[in-house]
Structures are given as structure tokens and as C-alpha cells.
Amino acid sequence: MLFTAVLAALVTLGALGGVAALRGQDDVTRVDAGAPATPQAADHECGDAPCQVVATASVGATQVELLADAQGDNGRLQAGGQVVQTSITQLGARLRGDSLSCAVASVSACLVEAPLNGGRVGELVVQRDGDWHPVAKPYFSDAGVLLLSDVTGTDAPEVVVVQSSPALAEVYALDGGVVGCTKRYSYPAQIRGWPQVRVVASDLRSCS
């Protein structure tokens, strides 16, 4: 399984710490948020310094803020009075203005992502019954494309992860389960909509 190999690599990177440097229009409303880092008024600490607002988005009536220190490290996601600590900054990723995207649906979610090791790494935070919960599963795209899209038409987004070797798009449910993969292409730019990849249910097949 592609993901297993990638996850194993990420865990190894995280353990090494400072040794390594280190979905057209969707059926859900996608909110891509980008904002310059600004001081955070709330009394949250990101590491040894006050948090700054890296990016913002609105999920219905809820304001979502992505927080980090001045270097983009020690990330937090603040939504509706809840604060969820990010995990990708612990792997060496640094948050910036394009690191937050949210999808508003019957089950809403936000994707926190950032460059890492020549690609992009991301993590999911899901809103259920008014509470925000992190999904303890990182996603890594060596092609640098991660996004939220309602692929299966269930009014809940999936996570689309584009890989370059082999060139395909992997689709995951909000609980981290594998939904399916597209066919393999010669290179990622052949995937529909590149780089704003659009995968539909009929594209999916087994990932094996």
C-alpha cells in the first residue's frame, strides 16, 4: 500500500528530528484561506512565543484560525473556542498562508498542509456534533498536491492525495480509510484538472 510506505517514511523523519531537513468546482464549498502572519490577540502560546495567525477560514458560522510561531512552527488550529495542536510541524513542516483549506458539508473538515521534503504533508481536522477532532493520520504527496473534494457525492469531503511515483490520485475518507485510487498515468499533470485535481467516483478503482 502506497500510504503505508509513505507513513513509515514520515514516522522515521519525525524520529530523526533535526537530522533531516526536515479535489474545477466541487459539490462541497471549498474555502482556501491565505493571510499574512499577524499577532494573535488570544493568550495562546506557540512554543516559547505568542501565537500568530497564519491563515483563516469560515466554516459556516465558525471562524477557523491557523496559528503558529513566527517561524511557522508549533502549529495550532483554533475553531469555535477549541484549540487543536497540529502534528505536521512536529515532522518538520512549517505553516504559511496557504496551509489551511476547509470544506463545508454535512460533515465539515479542514486540511492543514505545508511543504516538506520536496512534496506536501497534511493532516485533517473534522467537525462532528459541533466539536473538532484531529484525524491521527498524516498524508504525504510527493507531487505536492493535497486537497479536499466530495468525490463520492456523500456531502462529506474526502482527502485527495496526488503522487508522482507512480502518478495517480489516492482518495481517503474522513476517518482515514481508503476509498480508492485513479488509474496510473505517465505523469501527474495528466490527471483531470491539474493542479486543482478533480476526481469523480467513476475514476476510482483498487489501489493495489
What are the two closest heavy atoms between [X] and [Y], and how far apart are they?
| X | Y | answer |
| --- | --- | --- |
| A103 | L148 | N-CD1, 3.8 Å |
| V160 | A169 | CG1-CB, 4.1 Å |
| V64 | A79 | CG2-CB, 4.0 Å |
| A55 | G97 | CB-O, 3.7 Å |
| I88 | G122 | CG2-C, 4.0 Å |

If only side-chain N and O atoms count, and only distance matters, is there a donor-acceptor pair under 3.5 Å linking Q63 with S58?
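Yes - a donor-acceptor pair under 3.5 Å links their side chains.
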Once side chain to side chain contact (heavy atoms under 4.5 Å, CB included) is applied, do any residues pair with [X], and if so which ones, sequence neighbours excluded?
| X | result |
| --- | --- |
| P115 | R96, R120 |
| A68 | V54, L95 |
| A167 | Y185, P188 |
| A70 | Q52 |

Kindly check if the number of other-residue, nucleotide or ligand heavy atoms within 6.0 Å of CG (D48) is above 12?
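Atom CG in D48 is not crowded, with 12 or fewer foreign heavy atoms closer than 6.0 Å.
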Among residues at least two apart in sequence or on other chains, which ones pass salt bridge (charged side-chain N to carboxylate O under 4.0 Å, His left out) with R128?
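Testing R128 for salt bridge (charged side-chain N to carboxylate O under 4.0 Å, His left out), a comparison that skips the adjacent residues, returns none.
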Taking salt bridge (charged side-chain N to carboxylate O under 4.0 Å, His left out) as the definition, give me every residue that meets it alongside D142, ordered by chain and number, with sequence neighbours left out.
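Once residues adjacent in sequence are excluded, D142 has no partner under the salt bridge (charged side-chain N to carboxylate O under 4.0 Å, His left out) criterion.
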Decide yes or no for [X] and [Y]: does some side-chain heavy atom of the first lie under 4.5 Å from some side-chain heavy atom of the second?
| X | Y | result |
| --- | --- | --- |
| T62 | W132 | yes |
| L77 | L100 | yes |
| L174 | V107 | yes |
| L146 | L111 | yes |
| D150 | T152 | yes |
| V151 | V200 | no |
| V179 | L204 | yes |
| W194 | V145 | yes |

If a pair satisfies disulfide bond (SG atoms under 2.5 Å apart) and one of its residues is in residues 110-176, list it, with sequence neighbours excluded.
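Found C102-C110.
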Could you measure the distance from the [atom1] atom of [X] to the [atom2] atom of [Y]? Nearest 0.5 Å is fine.
| X | Y | atom1 | atom2 | value |
| --- | --- | --- | --- | --- |
| D155 | S106 | CG | OG | 4.0 Å |
| Q127 | Q82 | CD | CD | 8.5 Å |
| T56 | L66 | OG1 | CG | 9.5 Å |
| Y172 | L124 | OH | CG | 13.0 Å |
| Q163 | F140 | CD | CZ | 7.5 Å |
| I191 | Q196 | CD1 | CD | 12.5 Å |

Could you list the residues that satisfy side chain to side chain donor-acceptor pair (under 3.5 Å) with [X], not counting sequence neighbours?
| X | answer |
| --- | --- |
| T182 | none |
| S186 | none |
| E123 | S87 |

Out of K183, R192, R184, which one pairs with D203 under the salt bridge (Lys or Arg N to Asp or Glu O under 4.0 Å) rule?
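For D203, the salt bridge (Lys or Arg N to Asp or Glu O under 4.0 Å) test succeeds with only one of K183, R192, R184, which is R192.
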Between C51 and Q78, is the side-chain contact (heavy atoms from CB on, under 4.5 Å) condition met? List the steps.
CA-CA 11 Å; C51 291; Q78 180 173 265; over 6 Å; no
Might you work through the side-chain contact (heavy atoms from CB on, under 4.5 Å) test for V171 and V199, ending with a clear yes or no?
CA-CA 9 Å; V171 179; V199 178; 4.2 Å; yes
Inter- and intrachain pairs under salt bridge (Lys or Arg N to Asp or Glu O under 4.0 Å), touching residues 82-91, at least two apart:
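Listed by first then second residue: nothing to list.
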Sequence neighbours excluded - salt bridge (Lys or Arg N to Asp or Glu O under 4.0 Å) pairs with any residue from residues 66-78
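Pairs touching residues 66-78 that pass the test: D73-R94.
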